[in-house]
Amino acid sequence: MVTCEPTKEMLDEWKHIWLQYRDRLSPNRKSGMELVDYLQNNYVLTEISDRRAAEAVFYNVMRNPPFAEKLPFGAEPVPRTFYLENRGKGRRFYQPENKDPYDLWGGDVTRIFVGVDQTTGYYMVEGSAMLWDELCAFRGLDERDLNNYACVAQYINSLRRFGWLNPNNRPISAR
């Protein structure tokens, strides 16, 4: 997860990663439904029925061309929003060693928000860069993403964070 304005050094590193991996990757992007299933199968979630939470996901897709272009013709975003609870496997995101700096989220994080658009696979996470990275690694990339060095670098760095690259530096496909 990028949490600051990219520097020239960061951009150069991302381009280097893209050049290193672009010919080894193929489209493997999972759908929004697969993201929701992954979350529900791995974590304790509380679904949120707040209209404003759903609108955050909806408008992030609709008002950002790179996300909106992933909508099929005539389709609209179908948001699902959750809190990831501090129970079961989700506890690790709340442990002090895995928490993000307080200034990143404006104070101590007591709940982690997750929003997923089931139509495009767009997702947002508030309160845990670690969870954002896990979803990035799980979701994968589509053909358009493979031509974007920032997307490829975020994906590869997320795979590395969780040990999801095999010894030949190829993504481990089954998650």
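Note that the structure is predicted; figures quoted are calculated from it, not measured. Just so you know, these numbers use all the heavy atoms, side chains as well, and skip hydrogens, waters and symmetry mates.
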Q: Indicate yes or no for a side-chain donor-acceptor contact from N64 to the backbone of P66 under 3.5 Å, with no hydrogens or angles considered.
A: no
Q: Take R160 and I17, measure what side chain to side chain contact (heavy atoms under 4.5 Å, CB included) needs, and give me the verdict at the end.
A: CA-CA 12 Å; R160 284 180 180 150; I17 291 170; 4.1 Å; yes
Q. Are any non-hydrogen side-chain atoms of M130 and M1 less than 4.5 angstrom apart?
A. no
Q | Donor-acceptor under 3.5 Å (Y94 side chain, I112 main chain) | A | yes
Q.
Does any part of the side chain of L84, heavy atoms only, come nearer than 4.5 Å to the side chain of S128, both counted from C-beta?
A. no
Q: Output yes when a side-chain donor or acceptor of D142 lies under 3.5 Å from a complementary backbone atom of R29, and no otherwise.
A: no
Q. Quick check: does any side chain N or O of Y122 sit under 3.5 Å from a backbone N or O of V116, one acting as donor and the other as acceptor?
A. no
Q.
Are the side chains of Q154 and W132 in contact, using a 4.5 Å heavy-atom criterion?
A. yes
Q | Heavy atoms of other groups near R144 CZ, more than 12 under 6.0 Å | A | no
Q: Would you please classify the geometry between the F138 ring and the Y38 ring as parallel, tilted or perpendicular, with 30° and 60° separating the classes?
A: parallel
**Q.** Heavy-atom pair with the smallest gap, counting every atom of P79 and A54
**A.** CG-O, 3.4 Å
Q) Would L45 and M124 show up in the same hydrophobic cluster when neighbours are defined by side-chain heavy atoms closer than 4.5 Å? A) no
Q) Would you say the side-chain atoms of R161 pair up with the backbone N or O of E134, donor to acceptor, closer than 3.5 Å? A) no
Q.
Counting C-beta onward and ignoring hydrogens, is there a side-chain heavy-atom pair between F67 and T120 closer than 4.5 Å?
A. no
Q | 4.5 Å side-chain heavy-atom contact, E76 and T119 | A | no
(Q) When you measure from the side chain of N28 to the backbone of L141, do you find a donor-acceptor pair of N or O atoms at a distance under 3.5 Å? (A) yes
Q | Test item: E34 side-chain N/O and S31 main-chain N/O as donor-acceptor pair under 3.5 Å | A | yes
Q: Side-chain contact test, heavy atoms from C-beta onward, threshold under 4.5 Å: evaluate it for P77 versus V57 and give yes or no.
A: no
Q: Treating Ile, Leu, Val, Met, Phe, Trp and Tyr as nodes and any side-chain heavy-atom pair under 4.5 angstrom as an edge, say whether F162 and V125 lie in one connected cluster.
A: yes
**Q.** Pairing residues for K15 by the side-chain contact (heavy atoms from CB on, under 4.5 Å) criterion, not counting sequence neighbours
**A.** Y149
Q | Single-linkage hydrophobic cluster Y59~Y123, side-chain heavy atoms < 4.5 angstrom | A | no
Q.
Are N60 and F58 packed together at the side-chain level, in the sense that at least one heavy-atom pair is separated by less than 4.5 angstrom?
A. no
Q | Hphob cluster co-occupancy, L71 + L35, side-chain heavy atoms under 4.5 angstrom | A | no
Q) Does the side chain to side chain donor-acceptor pair (under 3.5 Å) test come out yes or no for E85 and T46, once each step is laid out? A) CA-CA 7 Å; E85 299 298 340; T46 300; 2.6 Å; yes
Q: Share the residues that join F73 in a hydrophobic cluster, the rule being Ile, Leu, Val, Met, Phe, Trp or Tyr side chains under 4.5 Å apart at the heavy-atom level.
A: none
Q. Does some side-chain heavy atom of F82 sit less than 4.5 Å from a side-chain heavy atom of V36?
A. yes
Q. Within the distance-only criterion (no hydrogens, no angle test), does the side chain of Y155 pair as donor or acceptor with the backbone N or O of R139 below 3.5 angstrom?
A. no
Q: Determine yes or no for a side-chain-to-main-chain donor-acceptor pair under 3.5 angstrom, with T81 supplying the side chain and A53 the backbone.
A: no
Q.
Taking the six-membered ring for Trp, are Y43 and F93 closer than 6.0 Å centroid to centroid?
A. yes
